[in-house]
Amino acid sequence: MSKPEDSPLGKPAQYREQYDPGLLFAIERAPQRAALGLGDVLPFSGADLWTAYELSWLDPRGKPEVAIARFSVPAGSPRIVESKSLKLYLNGFSQTPFDSAAAVERTIAADLGRAFGAGVAVEVIGPRAFAGLRIDELAGESIDDVAIEVHDYSPRPDFLAASGPAVEEVLVSQLFKSNCPVTGQPDWGSVQVRYRGPRIDRAGLLRYLVSFRQHAGFHEHCVERIFVDVRERCRPEKLTVYARFTRRGGIDINPFRSGWEQPPPPDVRTARQ
């Protein structure tokens with residue numbers, strides 16, 4: 001079983017310019033989920049929405065083509081793929097000829113499907129469509145102006161609380177930060193919590209989200225931890241947690257977990273991405 005410490009993260013890497021699917025480094029989801037008390041039956045569905053901004057290949061005559069790629073990975077896939085390995089893999093397309101963008105799309109879908117262990121939806125977006133790509137922020141009511149005092153920067157689920165009659169609302173914070181568990185590099189993100197149930201204490205939720213500030217965890221695991229903690233502490237009838245992280249190495253990863261919403265929302269990047 002592949003472990004994070006065996007990945008190319010944080011290690012010198014030779015950037016290859018020829019296609020090589022062997023560069024993809026997969027990590028099992030199960031151990032991190034087991035640490036949250038999750039087994040084979042998950043309390044959520046959803047997807048990890050990846051955006052790769054640095055994709056280029058050669059046409060049959062050797063002329064470069066460029067594109068942005070989007071990948072939608074099912075939350076139920078048995079594995080994640082370490083992001084630097086994906087960057088190295090995509091860089092390998094830069095000196096590789098392909099007949100068309102559709103051929104690139106099919107190749108990436110097949111390789112990622114094998115790496116993640118599940119079907120991955122791939123969309124390759126060419127320059128003619130760039131102008132139509134939107135920038136928007138996560139919908140909802142910001143809790144970032146709530147006055148709080150903060151002393152804890154490791155996850156504190158005991159900060160979470162909810163009470164009173166059921167409400168339905170969407171709360172958003174742009175103050176989220178965690179750290180890569182291998183390199184220690186900061187991961188900046190915006191988090192959206194959509195729920196129906198007893199009203200969540202906003203100060204407690206904000207203190208909880210800020211408490212991840214020195215936590216080491218992959219994007220996907222952080223969002224699943226938020227989902228599990230809010231579900232256990234606040235007892236909502238319905239719950240969705242969605243985060244959009246700023247890009248690193250030309251790639252952003254945006255996990256969506258929900259106990260009731262399908263499919264994931266439109267993949268629209270935020271201003272910070």
Side-chain angles (χ1 to χ4, degrees), residues 1-4 7-8 19-34 36 38-57 65 67-93 96 98-126 129 133 218-224 227 240-245 247 249-269 273:
M1 179 175 64
S2 298
K3 299 179 181 179
S7 82
Y19 166 69
D20 181 2
L23 293 170
L24 293 168
F25 185 86
I27 300 170
E28 300 291 331
R29 293 188 193 264
Q32 296 191 46
R33 287 179 170 169
L36 298 177
L38 300 177
D40 293 336
V41 180
L42 300 173
F44 50 70
S45 59
D48 301 323
L49 307 176
W50 296 58
T51 315
Y53 297 91
E54 301 173 4
L55 175 61
S56 181
W57 65 93
E65 301 278 355
I68 294 171
R70 288 174 172 165
F71 318 133
S72 180
V73 181
S77 68
R79 296 181 291 275
I80 63 173
V81 166
E82 187 275 311
S83 61
K84 183 177 179 181
S85 78
L86 180 64
K87 177 181 174 62
L88 295 173
Y89 162 76
L90 293 177
N91 192 74
F93 283 68
T96 303
F98 286 88
D99 290 337
S100 64
V104 172
E105 197 171 89
R106 290 192 300 270
T107 300
I108 294 175
D111 292 340
L112 294 188
R114 285 188 290 270
F116 283 99
V120 176
V122 176
E123 180 185 14
V124 172
I125 304 166
L133 299 179
F218 292 115
H219 300 9
E220 302 91 336
H221 186 242
C222 287
V223 169
E224 292 181 2
F227 185 98
T240 296
V241 179
Y242 179 33
R244 295 200 65 91
F245 285 87
R247 74 181 80 167
I251 295 171
D252 62 44
I253 307 171
N254 310 287
F256 174 86
R257 301 291 184 269
S258 180
W260 61 293
E261 290 186 277
Q262 285 284 359
D267 192 358
V268 177
R269 75 181 180 93
Q273 294 182 295

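The residues of the chain are indexed from 1 along the displayed sequence. A quick note: this is a predicted structure, and the numbers were derived from the prediction, not measured.
A salt bridge links Arg257 with Asp48: at least one charged nitrogen is closer than 4.0 Å to a carboxylate oxygen. A salt bridge links Arg33 and Glu224; the closest N-O separation between the charged side-chain nitrogens and carboxylate oxygens is under 4.0 Å. Ion pairing of Asp99 with Arg106 is absent here, as no side-chain N (NZ or NE/NH1/NH2) approaches a carboxylate O to less than 4.0 Å.
The distance from atom CD1 of Ile68 to atom CG of Leu133, rounded to the nearest 0.5 Å, is 5.5 Å. Rounding to the nearest 0.5 Å gives a distance of 11.0 Å between CZ of Arg244 and NE2 of His219. The line from CG of Leu42 to CZ of Phe227 is 9.5 Å long, rounded to the nearest 0.5 Å. Of the inter-residue distances, the one linking Glu105 atom CD with Leu55 atom CG reads 10.5 Å to the nearest 0.5 angstrom. Put simply, CG on Asn91 and CG on Leu23 are 9.5 Å apart, with the number rounded to the nearest 0.5 Å. In this structure, the separation between OG1 on Thr107 and CH2 on Trp57 is 10.5 Å, given to the nearest 0.5 Å.
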Test log, rule side chain to side chain contact (heavy atoms under 4.5 Å, CB included), inputs Ile27 and Phe218: CA-CA 11 Å; Ile27 300 170; Phe218 292 115; 4.1 Å; yes
Intermediate values then yes/no, side chain to side chain contact (heavy atoms under 4.5 Å, CB included), Ile108 and Phe93: CA-CA 10 Å; Ile108 294 175; Phe93 283 68; 3.7 Å; yes
Test side chain to side chain contact (heavy atoms under 4.5 Å, CB included) applied to Glu54 and Leu90, step by step: CA-CA 8 Å; Glu54 301 173 4; Leu90 293 177; over 6 Å; no
Trace of the side chain to side chain contact (heavy atoms under 4.5 Å, CB included) decision for Val120 with Trp50: CA-CA 11 Å; Val120 176; Trp50 296 58; over 6 Å; no
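Side-chain N/O atoms of Tyr19 and Asp111 include a donor and acceptor closer than 3.5 Å. Between the side chains of Arg29 and Ser77, at least one donor N or O sits under 3.5 Å from an acceptor N or O.
Checked against the 6.0 Å centroid criterion, the rings of Phe25 and Tyr89 do not qualify as a close aromatic pair.
Val73 places none of its side-chain heavy atoms less than 4.5 Å from the side chain of Leu112. Residues Pro255 and Phe245 meet the side-chain proximity criterion, which asks for heavy atoms closer than 4.5 Å. Pro265 is listed as a side-chain neighbour of Phe256, based on a closest heavy-atom distance under 4.5 Å. Looking only at side-chain heavy atoms (C-beta outward), Leu49 and Ile253 stay at 4.5 Å or farther from each other. In this structure, Ile251 and Thr51 have side chains that are not in contact, with every pair of non-hydrogen atoms separated by 4.5 Å or more.
Contact record, Ser45 with Glu261: OG-O, 4.3 Å, taken as the closest heavy-atom pair. Nearest approach of Pro43 to Leu38, heavy atoms of both residues: CD-CD2, 3.6 Å. Nearest heavy-atom pair across Ser72 and Ala47 is OG-CB, 3.7 Å.
Judged by distance alone, the side chain of Ser85 and the main-chain N or O of Val81 form no donor-acceptor pair under 3.5 Å. Side chain of Arg269 to backbone of Asp252: no donor-acceptor contact under 3.5 angstrom is found. Between the side chain of Glu82 and the backbone N or O of Lys84 there is at least one donor-acceptor pair closer than 3.5 Å.
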